[in-house]
Amino acid sequence: MDEKYFPEKIEEKWQRHWDETGAFEVEDGDARPKFYCLEMLPYPSGFLHMGHVRNYSIGDALAWHKRLNGFNVLHPIGWDSFGQPAEQAAIKRGINPRDWTEENIAHMRGQLKRLGISYDWRREIAAHTPEYYKWDQWFFLKMYERGLVYRRKSQVNWCPKEETVLSNEQSSGGVCWRCGTPVVKKDLDQWFARITDYAEQLLEDMKEIADGWPERVLTMQRNWIGKSEGAYVDFAIQNTDAKVRVFTTRIDTIYGANAVVMAAEHPLLAELLEGSSLKQDVTEFAERVRAAARNRTNASAEEVVKEGVNTGLIAINPFSGESLPVWVANYVLMEYGTGAVMAVPAHDERDFEFAQKYTLPIRQVIAPLTHAEEPSGFDPHLGVDQSTEMKEAFTEYGALVNSGEWSGKPSEDAKREMVQYAVEKNFGEAAITYRLRDWGISRQRFWGAPIPMIYCERCGVVPVPEKDLPVMLPDSAEFKGTGESPLAGVAEFVQTTCPQCDGPARRETDTMDTFVDSSWYFFRYCDPRNEGEPFDKEKIAYWTPVEQYIGGIDHAVMHLLYTRFWTKMMRDIGLVEFNEPVMRLMTQGMVTNQVEGTGEWKRMSKSLGNGVDPDEMIAAYGSDAVRLFILFAAPAENELRWQETGIEGAVRFLRRVYGMVYRWHGRLSDSSPREVAPASEELTIEARALRRKTHQTIARIAQDFEELHFNTSVAALMELSNTLGDFKVGPTEASASDLYAVREALESLVIMLAPFAPHVAEEMWAGLGHAEGLLSEVARWPQANDELARKEELEIPVQVNGKLRSRIHATPDTPEAELRTAALADEKTRSFIDGHEIVKVIIVPRRLVNIVVR
RNA sequence: GCCGGGGUGGCGAAAUGGCAGACGCGACGGACUUAAAAUCCGUUGACCGCAAGGUUGUGCGGGUUCGAGUCCCGCCCUCGGCACCA
């Protein structure tokens, strides 16, 4: 061991050693309990950024901790290596996307190795390799067999900048998830995955992961799925056989309906208007709405002004028999529910606004319940005063009024009974709708997994036979950025023969959304070189589900929803036996840095010029210090403000600990057997205090790791090191029992430091004379001894009326009566209680005494 | 508007209803040095006081409790998500 701490030398040495010995390679079927620690795989953009470093530092801390606690830990890494940037490089600079991607991977792999993250590198995978994307295609075929993927022409979200389709999730908020460009609509033939078939399960199974996932992620997914329970109700159209079906969650308000309002794209519309004098007006309006919708960016939050036109048609309210006008309006969406609604202005804000604009009648049919009018005491015939104009819609539940025989009923009861009535009378039924749409997975890109389908003039759409997989991406294509897949221009790729009739046929030229690759990659890590199937069932049965997943919040809906869906699909085709792939999820916070000039803390980015290069930091301070700082500076979920003085603090700490180990290693490094623990009486007060601190620290950190509170773990290690630094006896004069206490403290410190600063920990472990093996091979996490951790002497605060007034000395065993006597006799306390009547004395054993006086 | 997080020193942050501010950064003072850096020692919520000590303090207003940063009610501010979803 060198006298001084040289991070470069130490880190290079241990990285090489771990690499050569395969220190972090794991096998399944081990007798130890398993632990799958997973970090979101990176896109190989070319350079690691601090967000990656934070992600992997968190994961590695956990992986080390679990390994040292006797778990068989799977900790893999790979590359999400299909995607836009490679293709952009191809378009702009004429570089082959594969070369670009593979160079980036090579560079980033080097960066990860310099960070010293404890991955099992044999399991590294990359999505762009045929060995991987073959299985994307295989899954596609399996899903096709089961009708879980289908093709249809649809209006899709189109990013004009990247010239490609986006799924609903990827165009959330009306902008492209990657580049922020406002999204437009476009009609295209697309492949869709039936995620909507799983809407209910995706909601229901949240129960299984509720304890392990952040509430906000579950909430976001819940909102995204957007379940709402209500009813379909059919409104007959006068003088026709047609019925317009509406969806409502408030059937209890149906007596307040003043119109039926349809979406401009509603298919029934043209049919109903046949021969009508208003047909042209309505058609023109509908066309205008459609055009507006196409051009709308809705990137801005501003609301679209409600507009509508009366169709002249009359609909019959099936409950009241009332005649209602049928309108077409831009605020009714074809994509949701049935594309038609009943307008109840008194009890719906949007209908209220619409009714005001076109001065349509507003009739109140729900009366608010005041305390005096609980449902039981409500007078159904009282009604509400319809003559006073409503200022806004009343959207809450209440009691029905002006609703015929239903008047007087509370909303909840009315809803249930009215649906039942609609069913009996055959004009409606209970219904559940979801906001979730099917997942559009076609992309007009080259750099993705080709969709394994063939279009034959005679046979139609034909899947590629499984034996012909993978459908290989050609080596190159022309990259023009026209919006059509570059594959369409590669004749050898497109032209093929039909697997059914051998006739001429052409291949699908779209590739799959890269979120397909990332939906199942962590299953592949369990069996990464399997050539006959995506993975061996037994292998994944051993390793999955993932115990802990760590990544950014930005994938709260997209990736994390898709992968939950994918798992359920795999379960249904018999590959896995559970519902949820990830038991615990941690969403790390952003890494921010001050922007020069404005001083604002913003996410590090090239364009803002506030990026920090991990390599430079490692070169300057060492990977151990960078990682330690990242985990210490803030709780993992919080924003992390990058401050170089903070890393300097981390280096100082490591140097101090290193110095301490060096100071003692002469006395401790002999490899003779460790002494037997001395009896407490043999130890000096100081040595007992050191052991106490050691065991308190072990206990605290054990708890912190359970909760993933890395920052407080590091703080606890610093406290232990401060206590060690204050230890009065030096190495030369230390007695055998002193040495025992020091060794115990130092070894505990070194082992518990390994998750944060593994290289220097390994070095110090060797310095403490462990001939039997490396820290990473033989060390075991220390166990806390409660007896040793227990304080010998306590300072008990004494409060008078809840205010701290004095302290008394006691031991943990001091009986309550004695604490009481001591507190009341205490001189300082007396000055506050003398002359007052003592009402009560509250004693919390080992914690405090509170004297209540009057 | 709806949903979900948060508001604690100069800063990042700690605190099973029981001594608020652990740990670190920064700042200030001191030692060492010709000097600086590094290192080490000390101080560091605010206010009053020479001091001992006292007062006050966790966004605001109430409440529960012997005792509230923590629990309850009502606000304010802030960050994030969704947003014509019937």
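Lettering follows sequence order; numbering is per chain, from 1.
Rounded to a whole Å, the NZ atom of K803(A) is 14 Å from the C1' atom of A68(B). Whole-Å rounding puts the Y397(A) OH to A86(B) C1' distance at 13 Å. Rounding to whole angstrom units, CZ of residue R700(A) and P of A15(B) are separated by 8 Å. Here C3(B) presents its P atom at 19 Å from CH2 of W224(A), a figure rounded to the nearest Å. Atom pair F632(A):CZ and A13(B):P shows a separation of 11 Å (rounding to whole Å applied). C82(B) atom C1' lies 14 Å from atom CD of Q221(A), rounded to whole Å. For the pair D704(A) CG and A22(B) P, the interatomic distance rounds to 17 Å; values are reported in whole Å. Rounded to whole Å, atom P of A15(B) lies 20 Å from atom CG of L848(A).
Within 4.0 Å of V341(A), counting heavy atoms only, lies at least one base atom of the nucleic acid. Within the 4.0 angstrom heavy-atom criterion, only backbone atoms of the sugar-phosphate kind lie near R656(A); the bases stay farther away. Using a 4.0 Å heavy-atom criterion, one finds that E349(A) contacts no nucleic acid atom at all. At the heavy-atom level, Q799(A) lies under 4.0 Å from base atoms of the strands shown. Contacts of P635(A) with the nucleic acid, taken as non-hydrogen atoms under 4.0 Å apart, involve only primed sugar atoms and P, OP1 or OP2. Residue-level contact check: R846(A) touches neither bases nor backbone, having no heavy atom under 4.0 Å from any strand. If you check every strand for non-hydrogen atoms under 4.0 Å, V841(A) touches nothing. When heavy atoms are screened at a 4.0 angstrom cut-off, G226(A) is found touching no nucleic acid atom at all.
Comparing G10(B) with G26(B), their C1' atoms are spaced 8 Å from each other, to the whole Å. Rounded to whole Å, the separation between the C1' atoms of G5(B) and G57(B) comes to 26 Å. For G18(B) and C72(B), the P atoms lie 15 Å apart once the distance is rounded to whole Å. For the C1' atoms, the distance linking U58(B) with C32(B) amounts to 41 Å, nearest Å. Taking atom C1' in both C66(B) and A14(B), the straight-line distance is 26 Å, to the nearest Å. For U70(B) and C19(B), the C1' atoms lie 16 Å apart once the distance is rounded to whole Å. Taking atom P in both G80(B) and A13(B), the straight-line distance is 16 Å, to the nearest Å. Rounded to whole Å, the C1' atom of C84(B) lies 28 Å from the corresponding atom of C77(B).
The shortest distance between the side-chain N/O atoms of R435(A) and the OP1/OP2 oxygens of C2(B) is not below 4.0 Å. The side chain of N850(A) contributes no N or O atom lying less than 4.0 Å from OP1 or OP2 of G18(B). Remark: N722(A) is in phosphate contact with G24(B), judged by side-chain N or O atoms under 4.0 Å from OP1 or OP2. Contact annotation: N711(A) reaches the phosphate of A14(B) (side-chain N/O to OP1 or OP2, under 4.0 Å). S172(A) has no side-chain polar atom (N or O) that falls below the 4.0 Å cut-off from OP1 or OP2 of G81(B). Listed pair R652(A) / A38(B) fails the phosphate criterion, with no side-chain N or O lying under 4.0 Å from OP1 or OP2.
Aromatic pair F629(A)/Y621(A): centroids not less than 6.0 angstrom apart. In this structure, Y358(A) has its ring center closer than 6.0 angstrom to the ring center of F354(A). Ring centroid separation for the pair F235(A) and F427(A) does not come in under the 6.0 Å cut-off.
The nucleotide whose nearest atom lies closest to any side-chain atom of V852(A) is, among A13(B), A38(B), C66(B), C66(B). Side-chain proximity of I842(A) to G12(B), G18(B), A86(B): nearest is G18(B). Minimum atom distance to the side chain of F832(A) is reached by G54(B), of the listed C66(B), G54(B), C25(B). The side chain of A715(A) lies closest to C23(B), out of C84(B), A86(B), C23(B). With distances taken from any side-chain atom of R805(A) to the nucleotides A13(B), C84(B), U55(B), the minimum falls on U55(B). Counting only heavy atoms from C-beta on, R655(A) has its side chain closest to A38(B) among A38(B), A15(B), G18(B).
With hydrogens and angles disregarded, no donor-acceptor distance shorter than 3.5 Å links the side chain of E639(A) to the backbone of G589(A).
Aromatic ring orientation, F247(A) versus Y336(A): perpendicular (interplanar angle above 60°, classes split at 30° and 60°).
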- Message: Please convert RNA chain B into dot-bracket. A pair counts if it is Watson-Crick or G-U wobble with both distances under 3.5 Å; crossing pairs go in [ ] and bases paired with another strand get |.
- Response: (((((((..(((.....[....)))((((((.......))))))((((....))))..(((((..]....))))))))))))....

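With its glycosidic angle within 90° of 0, G9(B) is assigned syn.
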- Under the side chain to side chain donor-acceptor pair (under 3.5 Å) criterion, do Y658(A) and K4(A) qualify, and how do the steps go? CA-CA 8 Å; Y658(A) 186 94; K4(A) 287 260 154 48; over 6 Å; no

- Query: Taking it one step at a time, do E169(A) and W439(A) satisfy side chain to side chain donor-acceptor pair (under 3.5 Å)?
  - Reply: CA-CA 8 Å; E169(A) 288 78 10; W439(A) 173 16; 5.4 Å; no

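Both E215(A) and S228(A) lie near RNA chain B, and the one whose nearest nucleotide falls closer to the 5' end is E215(A). Nearer the 5' end of RNA chain B, as judged by each residue's closest nucleotide, is the contact made by R216(A), out of P797(A) and R216(A).
The closest side-chain donor-acceptor pair between T814(A) and T811(A) falls under 3.5 angstrom.
F756(A) has its side chain out of reach of S57(A): every pair of non-hydrogen atoms, C-beta onward, lies at least 4.5 Å apart. Using a 4.5 Å heavy-atom cutoff, the side chains of K602(A) and N610(A) are in contact. Residues L848(A) and V798(A) form no side-chain contact, since every pair of their non-hydrogen atoms from C-beta on lies 4.5 Å or further apart.
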